[in-house]
Amino acid sequence: MCQFCHQHGEGKKWYLQAKNYSDDLLSDMSRRKFIERFAKSDPKLLTRQSERLRKLDKLPSLIRGLAARLFTRRMKKVHFGQVVPIEEIEQILGFVNSITRVACVCRRSTLGKEKRYCYGISLAPDGGEFRRIVTKADSSFAAGPDLAGLERLTREQALEAFRQHEKEGLCHTVWTFYTPFIAGICNCDRSDCLAMRATVTHAVPVMFRGEWLARIEPKACTGCRQCMRVCQFGALAYSAGERKASVDERRCYGCGICRAACAAGAIRLVDRRSDEVASRLW
Ligand code: SF4
Ligand code: SF4
(Lines give C-alpha, C1' and ligand atoms only; values in the text may rest on other atoms or scores of the structure.)
(Ligands and ions follow the chains in the order given, each with its own letter.)
Protein backbone atom coordinates (compact mmCIF):
# COMPACT_ATOMS: atom_id res chain seq x y z
CA MET A 1 0.00 0.00 0.00
CA CYS A 2 1.15 3.56 -0.63
CA GLN A 3 2.66 5.89 1.96
CA PHE A 4 -0.69 7.66 2.56
CA CYS A 5 -2.46 4.34 3.26
CA HIS A 6 0.09 3.70 6.03
CA GLN A 7 -0.16 7.26 7.38
CA HIS A 8 -3.85 8.04 6.93
CA GLY A 9 -5.64 4.79 6.13
CA GLU A 10 -5.84 3.06 9.54
CA GLY A 11 -5.75 -0.35 7.89
CA LYS A 12 -7.76 0.72 4.82
CA LYS A 13 -6.82 2.42 1.63
CA TRP A 14 -6.61 6.06 2.68
CA TYR A 15 -9.06 7.25 0.00
CA LEU A 16 -11.70 4.77 1.24
CA GLN A 17 -11.43 6.17 4.77
CA ALA A 18 -14.46 8.46 5.24
CA LYS A 19 -12.79 10.65 7.88
CA ASN A 20 -10.43 11.99 5.20
CA TYR A 21 -13.42 13.69 3.51
CA SER A 22 -14.91 15.21 6.66
CA ASP A 23 -15.93 18.85 7.03
CA ASP A 24 -14.13 18.96 10.41
CA LEU A 25 -10.77 19.12 8.66
CA LEU A 26 -11.87 22.45 7.15
CA SER A 27 -11.66 24.17 10.51
CA ASP A 28 -7.93 24.45 9.75
CA MET A 29 -7.51 28.02 8.49
CA SER A 30 -4.39 27.29 6.43
CA ARG A 31 -6.30 24.58 4.57
CA ARG A 32 -9.21 26.95 3.88
CA LYS A 33 -6.84 29.59 2.54
CA PHE A 34 -5.13 27.04 0.30
CA ILE A 35 -8.48 25.96 -1.18
CA GLU A 36 -9.40 29.60 -1.82
CA ARG A 37 -6.11 30.20 -3.62
CA PHE A 38 -6.56 26.97 -5.59
CA ALA A 39 -10.05 27.91 -6.77
CA LYS A 40 -8.80 31.32 -7.87
CA SER A 41 -5.83 29.78 -9.75
CA ASP A 42 -4.81 32.08 -12.55
CA PRO A 43 -4.26 30.08 -15.78
CA LYS A 44 -1.05 32.10 -16.31
CA LEU A 45 0.30 30.76 -13.02
CA LEU A 46 -0.16 27.19 -14.22
CA THR A 47 1.53 28.07 -17.53
CA ARG A 48 4.50 29.37 -15.55
CA GLN A 49 4.62 26.13 -13.57
CA SER A 50 4.72 24.22 -16.84
CA GLU A 51 7.65 26.35 -18.00
CA ARG A 52 9.45 25.69 -14.69
CA LEU A 53 9.10 21.95 -15.27
CA ARG A 54 10.64 22.29 -18.70
CA LYS A 55 13.55 24.31 -17.23
CA LEU A 56 14.03 21.61 -14.58
CA ASP A 57 14.62 19.06 -17.36
CA LYS A 58 17.64 21.05 -18.51
CA LEU A 59 19.44 20.95 -15.12
CA PRO A 60 22.28 18.50 -14.43
CA SER A 61 20.74 15.20 -13.32
CA LEU A 62 21.95 15.37 -9.71
CA ILE A 63 20.47 18.84 -9.11
CA ARG A 64 17.38 17.93 -11.09
CA GLY A 65 16.79 14.82 -8.97
CA LEU A 66 17.21 16.75 -5.74
CA ALA A 67 14.85 19.53 -6.86
CA ALA A 68 12.24 16.94 -7.96
CA ARG A 69 12.42 15.12 -4.60
CA LEU A 70 12.02 18.37 -2.65
CA PHE A 71 9.05 19.40 -4.79
CA THR A 72 7.37 16.01 -4.37
CA ARG A 73 7.94 16.12 -0.60
CA ARG A 74 6.24 19.53 -0.39
CA MET A 75 3.35 18.48 -2.63
CA LYS A 76 2.70 15.41 -0.45
CA LYS A 77 1.85 17.79 2.38
CA VAL A 78 -0.25 20.15 0.30
CA HIS A 79 -1.88 18.75 -2.86
CA PHE A 80 -1.15 15.18 -3.87
CA GLY A 81 -3.12 12.61 -5.80
CA GLN A 82 -3.51 8.93 -6.46
CA VAL A 83 -4.84 6.98 -9.41
CA VAL A 84 -8.07 5.13 -8.53
CA PRO A 85 -9.98 2.66 -10.75
CA ILE A 86 -13.70 2.99 -11.45
CA GLU A 87 -14.84 0.33 -8.95
CA GLU A 88 -13.25 2.29 -6.10
CA ILE A 89 -14.60 5.58 -7.48
CA GLU A 90 -17.98 3.87 -7.14
CA GLN A 91 -17.20 3.04 -3.50
CA ILE A 92 -16.23 6.66 -2.78
CA LEU A 93 -19.41 7.95 -4.46
CA GLY A 94 -21.27 5.47 -2.27
CA PHE A 95 -20.30 7.12 1.03
CA VAL A 96 -19.99 10.84 0.16
CA ASN A 97 -23.18 12.91 0.46
CA SER A 98 -22.53 15.64 -2.05
CA ILE A 99 -21.03 15.60 -5.56
CA THR A 100 -20.45 18.83 -7.49
CA ARG A 101 -19.05 18.98 -11.01
CA VAL A 102 -16.70 21.90 -11.64
CA ALA A 103 -14.41 23.19 -14.38
CA CYS A 104 -10.88 21.75 -14.46
CA VAL A 105 -8.22 24.32 -13.50
CA CYS A 106 -5.57 22.55 -15.62
CA ARG A 107 -7.63 22.63 -18.80
CA ARG A 108 -8.40 26.31 -18.29
CA SER A 109 -4.67 26.81 -18.59
CA THR A 110 -3.65 24.17 -21.18
CA LEU A 111 -6.68 24.38 -23.49
CA GLY A 112 -7.84 27.89 -22.66
CA LYS A 113 -11.37 26.64 -22.16
CA GLU A 114 -13.60 25.15 -19.53
CA LYS A 115 -13.87 21.39 -19.42
CA ARG A 116 -15.93 19.85 -16.67
CA TYR A 117 -13.71 16.95 -15.74
CA CYS A 118 -13.40 17.62 -11.99
CA TYR A 119 -15.70 16.77 -9.09
CA GLY A 120 -15.88 18.27 -5.63
CA ILE A 121 -16.99 15.67 -3.09
CA SER A 122 -18.03 16.01 0.52
CA LEU A 123 -19.59 14.12 3.38
CA ALA A 124 -21.78 17.14 4.16
CA PRO A 125 -25.14 16.84 2.35
CA ASP A 126 -24.94 20.36 0.87
CA GLY A 127 -21.27 20.20 -0.09
CA GLY A 128 -20.29 21.68 3.26
CA GLU A 129 -17.60 24.25 3.78
CA PHE A 130 -15.65 23.18 0.69
CA ARG A 131 -18.47 24.20 -1.63
CA ARG A 132 -18.94 27.50 0.21
CA ILE A 133 -15.23 28.34 0.04
CA VAL A 134 -15.00 27.48 -3.68
CA THR A 135 -18.15 29.41 -4.60
CA LYS A 136 -16.93 32.48 -2.73
CA ALA A 137 -13.40 32.24 -4.12
CA ASP A 138 -14.28 31.90 -7.79
CA SER A 139 -17.44 33.48 -9.10
CA SER A 140 -16.66 32.10 -12.59
CA PHE A 141 -17.76 28.68 -11.32
CA ALA A 142 -21.20 30.21 -10.89
CA ALA A 143 -21.26 32.44 -13.96
CA GLY A 144 -18.91 31.04 -16.61
CA PRO A 145 -19.86 31.22 -20.29
CA ASP A 146 -21.07 27.63 -20.57
CA LEU A 147 -21.85 26.98 -16.93
CA ALA A 148 -25.11 27.01 -15.07
CA GLY A 149 -23.51 27.37 -11.65
CA LEU A 150 -21.88 24.66 -9.60
CA GLU A 151 -23.51 21.55 -10.91
CA ARG A 152 -24.88 19.12 -8.34
CA LEU A 153 -25.00 15.48 -9.41
CA THR A 154 -26.63 12.41 -7.94
CA ARG A 155 -24.42 9.35 -7.37
CA GLU A 156 -25.91 7.69 -10.43
CA GLN A 157 -25.32 10.74 -12.63
CA ALA A 158 -21.76 11.06 -11.37
CA LEU A 159 -20.97 7.38 -11.92
CA GLU A 160 -22.37 7.57 -15.45
CA ALA A 161 -20.18 10.64 -16.10
CA PHE A 162 -17.10 8.77 -14.81
CA ARG A 163 -17.89 5.84 -17.10
CA GLN A 164 -18.09 8.30 -19.98
CA HIS A 165 -14.73 9.83 -18.99
CA GLU A 166 -13.28 6.34 -18.96
CA LYS A 167 -14.51 5.82 -22.54
CA GLU A 168 -12.74 9.09 -23.43
CA GLY A 169 -9.53 7.52 -22.07
CA LEU A 170 -9.34 9.71 -18.95
CA CYS A 171 -7.76 8.39 -15.79
CA HIS A 172 -9.49 8.92 -12.41
CA THR A 173 -7.45 10.50 -9.62
CA VAL A 174 -8.29 11.60 -6.04
CA TRP A 175 -6.69 14.78 -4.63
CA THR A 176 -5.83 16.19 -1.24
CA PHE A 177 -6.16 19.81 -0.18
CA TYR A 178 -3.69 19.86 2.69
CA THR A 179 -3.22 16.15 3.16
CA PRO A 180 -5.06 14.05 4.27
CA PHE A 181 -8.23 16.02 3.43
CA ILE A 182 -9.69 14.78 0.12
CA ALA A 183 -12.14 17.04 -1.68
CA GLY A 184 -11.74 16.29 -5.35
CA ILE A 185 -11.70 13.64 -8.03
CA CYS A 186 -10.24 14.56 -11.41
CA ASN A 187 -10.16 12.86 -14.78
CA CYS A 188 -6.71 13.28 -16.24
CA ASP A 189 -4.80 12.81 -19.43
CA ARG A 190 -1.16 13.40 -20.11
CA SER A 191 -1.65 16.03 -22.73
CA ASP A 192 -3.82 18.49 -20.77
CA CYS A 193 -3.40 17.65 -17.09
CA LEU A 194 -0.43 19.38 -15.48
CA ALA A 195 -0.24 16.92 -12.60
CA MET A 196 0.05 13.98 -14.96
CA ARG A 197 2.58 15.81 -17.10
CA ALA A 198 4.70 16.57 -14.02
CA THR A 199 4.49 12.96 -12.83
CA VAL A 200 4.97 11.05 -16.07
CA THR A 201 6.61 13.39 -18.58
CA HIS A 202 8.93 15.26 -16.20
CA ALA A 203 9.41 12.56 -13.53
CA VAL A 204 8.35 14.94 -10.75
CA PRO A 205 5.68 12.83 -9.02
CA VAL A 206 2.62 14.63 -7.66
CA MET A 207 0.46 11.51 -7.57
CA PHE A 208 0.86 7.91 -6.45
CA ARG A 209 0.30 5.01 -8.77
CA GLY A 210 -2.92 3.13 -8.16
CA GLU A 211 -3.06 0.21 -5.72
CA TRP A 212 -3.67 -1.97 -8.76
CA LEU A 213 -1.87 -3.38 -11.77
CA ALA A 214 -3.19 -4.48 -15.17
CA ARG A 215 -2.83 -8.12 -16.25
CA ILE A 216 -3.56 -9.43 -19.74
CA GLU A 217 -4.81 -12.96 -20.30
CA PRO A 218 -2.81 -13.94 -23.41
CA LYS A 219 -5.33 -16.55 -24.58
CA ALA A 220 -8.09 -13.92 -24.64
CA CYS A 221 -6.02 -11.18 -26.31
CA THR A 222 -6.83 -10.76 -30.01
CA GLY A 223 -3.93 -8.37 -30.65
CA CYS A 224 -6.20 -5.48 -31.65
CA ARG A 225 -3.96 -2.96 -29.80
CA GLN A 226 -6.89 -0.82 -28.69
CA CYS A 227 -5.51 -0.86 -25.14
CA MET A 228 -2.25 0.72 -26.33
CA ARG A 229 -4.11 3.66 -27.83
CA VAL A 230 -5.64 4.66 -24.50
CA CYS A 231 -2.86 4.01 -21.96
CA GLN A 232 -1.62 7.40 -20.72
CA PHE A 233 1.51 5.88 -19.22
CA GLY A 234 3.04 3.98 -22.14
CA ALA A 235 2.73 0.79 -20.11
CA LEU A 236 1.65 -1.56 -22.89
CA ALA A 237 3.82 -3.31 -25.45
CA TYR A 238 2.90 -5.35 -28.50
CA SER A 239 4.56 -8.50 -29.79
CA ALA A 240 4.20 -8.71 -33.57
CA GLY A 241 5.41 -12.32 -33.42
CA GLU A 242 2.81 -13.40 -30.86
CA ARG A 243 0.18 -10.85 -31.92
CA LYS A 244 -0.47 -10.12 -28.26
CA ALA A 245 -0.24 -7.09 -25.98
CA SER A 246 1.59 -7.22 -22.65
CA VAL A 247 1.88 -4.95 -19.60
CA ASP A 248 5.12 -3.38 -18.42
CA GLU A 249 4.60 -3.60 -14.65
CA ARG A 250 7.25 -0.90 -14.08
CA ARG A 251 5.13 1.64 -15.95
CA CYS A 252 1.57 0.57 -15.16
CA TYR A 253 -0.38 2.93 -12.85
CA GLY A 254 -3.32 0.54 -12.46
CA CYS A 255 -5.91 3.01 -13.76
CA GLY A 256 -7.96 0.37 -15.62
CA ILE A 257 -8.54 2.53 -18.69
CA CYS A 258 -7.10 -0.18 -20.95
CA ARG A 259 -9.58 -2.65 -19.44
CA ALA A 260 -12.49 -0.40 -20.44
CA ALA A 261 -11.14 -0.30 -24.01
CA CYS A 262 -10.61 -4.06 -24.39
CA ALA A 263 -13.59 -5.53 -26.23
CA ALA A 264 -12.20 -9.05 -25.72
CA GLY A 265 -12.32 -8.71 -21.92
CA ALA A 266 -8.68 -9.83 -21.76
CA ILE A 267 -7.58 -7.28 -19.12
CA ARG A 268 -8.18 -7.37 -15.38
CA LEU A 269 -6.73 -5.45 -12.46
CA VAL A 270 -4.82 -7.28 -9.74
CA ASP A 271 -3.53 -6.07 -6.38
CA ARG A 272 -0.24 -4.23 -6.94
CA ARG A 273 1.17 -6.05 -3.89
CA SER A 274 0.89 -9.37 -5.74
CA ASP A 275 3.67 -8.38 -8.14
CA GLU A 276 7.22 -8.34 -6.83
CA VAL A 277 8.40 -5.51 -9.08
CA ALA A 278 5.28 -3.31 -9.05
CA SER A 279 4.79 -3.62 -5.29
CA ARG A 280 7.95 -1.59 -4.78
CA LEU A 281 6.94 1.17 -7.20
CA TRP A 282 4.65 3.98 -6.17
S1 SF4 B 1 -7.36 -4.35 -26.24
FE2 SF4 B 1 -7.50 -6.38 -25.35
S3 SF4 B 1 -7.55 -7.78 -27.07
FE4 SF4 B 1 -6.83 -5.82 -27.89
S5 SF4 B 1 -4.56 -5.98 -27.74
FE6 SF4 B 1 -5.26 -5.03 -25.84
S7 SF4 B 1 -5.49 -6.77 -24.41
FE8 SF4 B 1 -5.39 -7.63 -26.47
S1 SF4 C 1 -1.62 -0.58 -18.67
FE2 SF4 C 1 -3.80 -0.16 -18.34
S3 SF4 C 1 -4.01 -0.02 -16.10
FE4 SF4 C 1 -1.82 0.16 -16.59
S5 SF4 C 1 -1.47 2.37 -16.74
FE6 SF4 C 1 -1.90 1.63 -18.83
S7 SF4 C 1 -4.12 1.93 -19.08
FE8 SF4 C 1 -3.69 2.08 -16.88
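Counting starts at 1 for both ligands and their atoms, in listed order. We're numbering straight along the sequence, starting at 1. Scope of the values below: all heavy atoms of this structure, side chains included, with no hydrogens, waters or symmetry mates.
Salt-bridge annotation for Glu87 and Arg259: present, with a side-chain N of the basic residue lying under 4.0 Å from a carboxylate O of the acidic one. Asp275 has no carboxylate O lying under 4.0 Å from a charged side-chain N of Arg250, or vice versa, which leaves the two without a salt bridge.
At a heavy-atom distance under 4.0 Å, only side-chain atoms of Leu236, from C-beta outward, approach ligand 2.
Distance from atom 6 (Fe) of ligand 2 to its nearest protein heavy atom, with residue and atom name: Cys231 SG, 2.3 Å. Here the protein heavy atom with the shortest distance to atom 8 (Fe) of ligand 2 is Cys255 SG, 2.3 Å. For atom 2 (Fe) of ligand 2, the nearest protein heavy atom (residue, atom name, distance) is Cys258 SG, 2.3 Å. Given atom 5 (S) of ligand 1, the protein heavy atom at minimum distance is Arg225 N, 3.1 Å. Considering only non-hydrogen protein atoms, atom 4 (Fe) of ligand 2 sits nearest to Cys252 SG, 2.4 Å.
No option in His8, Glu88, Glu211, Gln91 other than Glu88 meets the side-chain hydrogen bond (donor to acceptor under 3.5 Å, both in side chains) test with Tyr15. When Trp175, Phe71, Trp14, Phe208 are each tested for a ring-ring contact (aromatic ring centres under 6.0 Å, His included) with Phe80, only one passes: Phe208.
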Let me see the working for Gln3 and Lys76 under side chain to side chain donor-acceptor pair (under 3.5 Å), right down to the final yes or no. CA-CA 10 Å; Gln3 180 190 339; Lys76 277 184 180 170; 2.8 Å; yes
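When only modelled atom types and interatomic distance are considered, Gln49 and Arg52 share no side-chain donor-acceptor pair under 3.5 Å.
Using cut-offs of 30° and 60° for the angle between ring planes, the Tyr253 and Phe233 rings count as parallel.
Among the atoms of Cys221, an N, O or S atom falls under 2.8 Å from atom 8 (Fe) of ligand 1. Among the atoms of Cys262, an N, O or S atom falls under 2.8 Å from atom 2 (Fe) of ligand 1.
Those atoms of ligand 1 that come under 4.0 Å of a heavy atom in Gly223, given as number and element, are 5 (S), 8 (Fe). The distance from ligand 1 to the heavy atoms of Ile267 drops below 4.0 Å at these ligand atoms: 7 (S). Proximity to Thr222 (heavy-atom distance under 4.0 Å) selects the following atoms of ligand 1: 3 (S), 8 (Fe). Of all atoms in ligand 2, numbered sequentially from 1 with element shown, those under 4.0 Å from a heavy atom of Tyr253 are 4 (Fe), 5 (S).
Taking NZ of Lys55 as the reference point, atom CG of Leu53 lies at 11.0 Å (rounded to 0.5 Å).
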